[in-house]
Structures are given as C-alpha cells and as structure tokens.
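Values in this document were obtained by computation on a predicted structure and should not be read as measured data.
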Amino acid sequence: MRATFQNYPHDSKLFDKDFDNVYTQFMIGESILVAPVTTENATETKVYLPSSSTWYKHFKGSYREQPAGEQIVEVPYDELPYFIKAGEILFMHMEGQTTTIMKAKPYKIIILLDVIGEASGLMYIDGDLDNPVDYAVVRIEYTSKFISFTAVVFNDFALESESGKYGDILVLGVKNQITSLKINETDLNDFEYNSDSKELTIKSGAISQTVLESFMIEIE
C-alpha cells in the first residue's frame, strides 16, 4: 500500500494540497486505486485518477470503464470505492466462508483490457508456512489472438486435492466480436460474448487445466 503520487511521481495534481482527497486515496500495488469515504453518511466522494492510465471502476459487483481525471463518484453505503488500471489482471478465489474453504474454491480471473486490447498479470500461489520455498507463479497474457497461461513451479510445491481449478474468467473491454475459442485445437464452448457491454465470460468449469499447467486459448 502506498500513496498515489509514489506510483505517479510526475503527476503534479497528486501534489496539490488543495485537492481534498490527495492525502486519503491510495494505491494497492501497481494497479488498484482506493478512494475511501471519510465523511459520515456521504454517498459520493471525490477522486483523482491519473490521466497517464485508463481505469475501470468496481460498482455493485461489476466493473465499468471510468474516465481519468478529477471527478465525483457515487458510493453506496456498503461499498468501498476502488478503481483498477486498464491492462491489468485481477486474481482472486471465489467466495468461501472460511480461508480453508476459500482456498479449495476455483480461481476467478478478471482481465481488464487497455486501449490496444491487451493485458497481463502475475499470480503467486504459496503453500503452507512450513515450506515457504515451495510456491508457483502463473503469468496470464491477453492479446487479440490468444490468452496464454504460463505456470512455473518452484521446488516441491503441489496443489491440495481438488484445488487449483479455474473458475469464471471475465474479460472487459473486448471490442472485437468473439466467434470461437479453442484450447489445443479443441473448441471451448462454454463462453459468452456480449457486444453491448464488450465483455467476454469463460464460465467456471470450462477449462479442465489447473493453475499449474501451461496452455493457450486461441481467439477467433
């Protein structure tokens, strides 16, 4: 976690003391900008999204494109406003009531395309605390022609039984019509493309490979 200006040191707006939220909004890693509400009972807040990037806003369980610059955004009482930089990929477990249950759930992947229709990201998967040198790293890359999944396993890392599966994969900002997806020249049928929202969804269970396997999805 860091101040936004640390990620964007050349953006003079982030050093403007007259900007209300310059001291409260912050970054998580390189890609997530959080703009907490600090006024009691407020249903909107001011945020500044650096103009050198393009952004998506999380809102009521979905994601939508958000213009850069200074703006006031709507904030429901039960949500923390956050924004994701385009060109990034979010990795998360699907919901579970405990950490143990959640770790056994499939991985949900959210791919947020940039202005040229590409994105990439890394997922780190660790084991238990007794074996910190055992882990895996997965790199996902999206282009207009393919989605590649590259896994590298270090030392003796292994998945627990029934874990490590891919759940829903959501791709945002897909401007070209998707007519077919293939893995190893085999059709991947369980997907939907919405031309209105420009979203591609590969449904949970459609991919049989685990996160420790390298493979590629061809896009047509």
Side-chain angles (χ1 to χ4, degrees), residues 1-95 107-123 140-144 147 168-178 192-202:
M1 189 176 81
R2 66 191 76 176
T4 313
F5 68 79
Q6 292 179 288
N7 281 26
Y8 297 89
H10 303 296
D11 194 325
S12 60
K13 181 66 177 179
L14 295 169
F15 296 87
D16 185 353
K17 64 181 180 180
D18 294 324
F19 176 56
D20 295 347
N21 287 21
V22 70
Y23 299 114
T24 57
Q25 67 178 53
F26 59 89
M27 300 292 300
I28 298 177
E30 297 292 332
S31 57
I32 299 176
L33 187 151
V34 182
V37 178
T38 57
T39 303
E40 185 177 4
N41 296 323
T43 57
E44 59 183 30
T45 189
K46 187 181 291 185
V47 64
Y48 175 72
L49 302 177
S51 57
S52 58
S53 300
T54 53
W55 301 86
Y56 290 84
K57 181 182 186 296
H58 177 265
F59 187 76
K60 296 183 178 180
S62 62
Y63 298 84
R64 63 190 188 192
E65 292 186 53
Q66 189 76 17
E70 183 178 348
Q71 55 205 280
I72 295 175
V73 295
E74 178 185 353
V75 182
Y77 283 122
D78 58 347
E79 288 202 6
L80 174 67
Y82 69 90
F83 306 82
I84 306 95
K85 186 170 67 173
E88 303 289 336
I89 298 179
L90 298 184
F91 302 84
M92 60 190 75
H93 274 297
M94 299 182 76
E95 295 81 1
Y107 287 91
K108 181 176 182 179
I109 311 297
I110 300 175
I111 302 174
L112 305 109
L113 301 185
D114 60 17
V115 293
I116 62 173
E118 297 182 355
S120 62
L122 291 174
M123 174 170 63
I140 298 180
E141 181 180 2
Y142 185 104
T143 73
S144 61
I147 314 172
D168 294 333
I169 299 177
L170 175 63
V171 188
L172 305 174
V174 182
K175 297 177 181 178
N176 297 324
Q177 180 72 36
I178 304 295
E192 292 180 354
Y193 174 70
N194 187 318
S195 58
D196 294 328
S197 62
K198 298 180 175 58
E199 294 181 1
L200 169 66
T201 303
I202 302 173

Separation between NZ of K13 and OG1 of T4, rounded to the nearest 0.5 Å: 13.0 Å
Checking side-chain hydrogen bond (donor to acceptor under 3.5 Å, both in side chains) against Q71, which of Q66, K46, E44 comes through? Q66
So do the side chains of Y82 and I28 get within less than 4.5 Å of each other, counting heavy atoms only? no
Closest contact, heavy atoms only, E88 versus I84: CB-CG2, 4.4 Å
Which heavy atom of P67 sits nearest to which heavy atom of L49, and what is that distance? O-CD1, 3.4 Å
How far apart are the closest heavy atoms of A86 and L113, and which atoms are they? CB-O, 3.5 Å
Atom pair CD/CE of Q6 and M1 - distance to nearest 0.5 Å: 10.0 Å
dist L112:CG -> K85:NZ (nearest 0.5 Å) comes out at 12.0 Å
Under the side-chain contact (heavy atoms from CB on, under 4.5 Å) rule, what do I140 and M123 come out as? Steps first, then yes or no, please. CA-CA 8 Å; I140 298 180; M123 174 170 63; 5.8 Å; no
Can you give me the closest heavy-atom contact between I111 and A119, atom names plus distance? CG2-CB, 3.7 Å
Is it true that Y8 and S53 share a donor-acceptor pair across their side chains at a distance under 3.5 Å? yes
Do the non-hydrogen side-chain atoms of T45 and Q25 ever get within less than 4.5 Å of each other? no
Distance check, rounded to the nearest 0.5 Å: Y142 atom OH versus I89 atom CD1? 10.5 Å
Closest contact, heavy atoms only, W55 versus S31: CZ3-O, 4.1 Å
Should Y63 and L90 be marked as a side-chain contact (heavy atoms from CB on, under 4.5 Å) after you check the CA-CA gap, both sets of side-chain angles, and the distance that decides it? CA-CA 12 Å; Y63 298 84; L90 298 184; 4.1 Å; yes
With sequence neighbours excluded, what pairs up with R2 under the salt bridge (charged side-chain N to carboxylate O under 4.0 Å, His left out) test? E30
Could you please spell out the steps behind the side-chain contact (heavy atoms from CB on, under 4.5 Å) verdict for L33 and V47? CA-CA 10 Å; L33 187 151; V47 64; 3.9 Å; yes
If I compare all heavy atoms of A68 with all of S51, which pair ends up nearest, and what's the gap? CB-CA, 3.6 Å
Measuring from S197:OG to L172:CG, what's the distance to the nearest 0.5 Å? 8.0 Å
From CD (E65) to NZ (K57), nearest 0.5 Å: 14.0 Å
Check against side-chain contact (heavy atoms from CB on, under 4.5 Å), T43 and Y77: CA-CA 7 Å; T43 57; Y77 283 122; 3.7 Å; yes
Below 4.5 Å, heavy atoms only, C-beta onward: do Y56 and I110 meet side chain to side chain? no
Partners of E192 by salt bridge (charged side-chain N to carboxylate O under 4.0 Å, His left out), sequence neighbours excluded? K203
